Amino acid sequence: MRRILQRIDGDALDAAIGGWLTARAAASRTSDQHRHAPARPVRPAVAVDGKSLRGAMRADGRRIHLISALRDDGIVLAQREVDAKSNEITAFRPLLEGLDLTGAVVTFDALLTQTDHAKFLVEEKGAHYIAVLKGNHPGLHALVKDLPCKEVPLLDRTRATAHGRDEVRRLKAVTVPGLPFPHADQALQIVRRRRTLRTGKVSLERVYAITTLAVHQANAADLAERVRGHWAIENREHHVRDVTFGEDASRVRTGGAPRVMASLRNLAIGALLLAGWDDIAEGLRPHG
């Protein structure tokens, strides 16, 4: 078994698993929409996220790093292995190339906010994006940060308690003609106020982003839901893989085995989600 796992072609396995999950996820969503017709069209969401396998360190000291495309309910549609976190940039296009993203909203963090990625999504895949801004685009980040957001009314406010923290999120959106980034239409300011329940410590974070979605295509609640959804998918996926499946504790490191094991975890999680199990740990018990 160990030798088989080491020699499996990771790209081929991920393509097979991603195709299987994508087909069943699409059928499941179509069925749900027929039973519960939404008041307005719902754009599918895809989050692009990277994760290191902390326990799977190569003999030369490199960690195994994976980049994944996840549907908004946590089902992994595609996955690739990269040499390091910085290589997520070159893996972005190959990761999404085979997916049907027409009309979808793709979310990603600041590392992947690249002009080529924006053009690829809009011009070749027919998708929208919400891209986080940080120091890798200093001019654009400064421009968005300096917008008179104090004069903009608060458009969305949500509150949630999880993992020992109480978090309040506020969102403001501004249409900015001529943003110097391909196809960007609106600039977003998201303020996250976190309070640790055990200690009472409070932290405040301001996040800036840009999106192709115009006002008539997505209201504030839609935008806030997409941003929250990206963070929720990151947190949930990492938590399930590390806590429920013990991914970071796994010492498997030889050949393709670390990636293959991660792919099989994706398959197990996706199959349980499609079978209606929202709690993966609870779903594993009767199947163990």
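Since this is a predicted model, take the numbers as computed values, not measurements.
How far CD1 of Ile64 is from CZ of Arg259: 10.5 Å, rounded to the nearest 0.5 Å. Rounding to the nearest 0.5 angstrom, the gap separating the CZ atom in Arg241 from the CD1 atom in Ile280 is 12.0 Å. Distance CG/Leu264 to CD1/Ile8: 7.0 Å, rounded to 0.5 Å. Note: Leu77 CG to Leu96 CG = 9.5 Å, rounded to the nearest 0.5 Å. The distance from atom CD of Gln189 to atom NZ of Lys172, rounded to the nearest 0.5 Å, is 6.0 Å. Within the model, atoms CZ of Arg206 and CZ of Arg170 stand 10.0 Å from one another, a figure rounded to the nearest 0.5 Å.
A pairwise comparison of heavy atoms in Leu53 and Ala262 identifies CD1-CB, 4.5 Å as the closest pair. Considering every non-hydrogen atom in both Ala131 and Phe108, the closest pair reads CB-CE1, 3.4 Å. Smallest separation of non-hydrogen atoms from Ala25 and Ile75: CB-CD1, 4.1 Å. Nearest heavy atom pair, residue Ile190 against residue Ala209, reads CD1-CB, 4.5 Å. When all heavy atoms of Ile89 and His117 are compared, the pair lying nearest together is O-NE2, 3.1 Å. The minimum heavy-atom distance linking Arg226 with Thr107 is given by the pair O-CG2, 4.2 Å.
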key: Arg71/Leu21 under side-chain contact (heavy atoms from CB on, under 4.5 Å): CA gap, chis, key distance, verdict   = CA-CA 10 Å; Arg71 206 174 75 150; Leu21 289 173; over 6 Å; no

Pair His128-Thr211, side-chain contact (heavy atoms from CB on, under 4.5 Å): steps then yes or no = CA-CA 7 Å; His128 291 276; Thr211 180; 5.5 Å; no

ask   = Does the pair Gln114 and Phe92 meet the rule for a side-chain contact (heavy atoms from CB on, under 4.5 Å), with working shown?
value = CA-CA 10 Å; Gln114 307 287 332; Phe92 184 87; over 6 Å; no

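In the hydrophobic clustering of ILVMFWY residues, with side-chain heavy atoms under 4.5 Å counting as a link, Phe181 and Leu121 come out together. A continuous path of Ile, Leu, Val, Met, Phe, Trp and Tyr side chains, each step under 4.5 Å between heavy atoms, connects Val122 with Val48, placing both in one hydrophobic cluster. Residues Val215 and Leu147 do not share a hydrophobic cluster, clusters being chains of Ile/Leu/Val/Met/Phe/Trp/Tyr side chains in contact below 4.5 Å. Val76 and Val240 fall into different hydrophobic clusters, where Ile, Leu, Val, Met, Phe, Trp and Tyr residues are linked whenever their side-chain heavy atoms come under 4.5 Å apart, directly or through other members. Hydrophobic clustering, with ILVMFWY side chains joined whenever heavy atoms are under 4.5 angstrom apart, keeps Val207 apart from Val191.
A side-chain contact (heavy atoms from CB on, under 4.5 Å) with Leu213 is found for exactly one of Asp222, Asp185, Leu223, namely Leu223.
Remark: Glu97 does not engage Arg80 in a salt bridge, criterion side-chain N to carboxylate O under 4.0 Å. Classification of Asp109 and Lys134 as a salt-bridged pair fails, no side-chain N sitting under 4.0 Å from a carboxylate O. With respect to the salt-bridge test (charged N to carboxylate O, under 4.0 angstrom), the residues Asp248 and Arg63 do not qualify. With salt bridges taken as basic N to acidic carboxylate O contacts below 4.0 Å, one links Arg159 and Asp166. A salt bridge is absent between Lys51 and Glu237: the closest approach of a Lys/Arg side-chain nitrogen to an acidic carboxylate oxygen does not fall below 4.0 angstrom.
Put simply, the side chain of Thr90 gets close to the backbone of Asn87: a donor and an acceptor are under 3.5 Å apart. No donor-acceptor pair closer than 3.5 Å links the side chain of Asp72 to the backbone N or O of Gly229.
Heavy atoms from other residues, nucleotides or ligands lying under 6.0 Å from CZ of Arg7 number 12 at most. More than 12 heavy atoms of other shown residues, nucleotides or ligands fall within 6.0 angstrom of atom CG in Leu204.
The closest side-chain heavy-atom distance from Thr113 to Tyr129 is not below 4.5 Å. Within the 4.5 Å cutoff, the side chain of Ile130 has no heavy atoms near those of the His230 side chain. Side-chain atoms of Pro258 and Val252, non-hydrogen and from C-beta on, do get closer than 4.5 Å to each other. Residues Leu140 and Leu179 have side chains in contact (heavy-atom distance under 4.5 Å, counting atoms from C-beta outward).
Pairs engaging residues 236-266 under the ring pair (Phe, Tyr, Trp, His ring centres under 6.0 Å) rule: His163-His239 [sequence neighbours left out].
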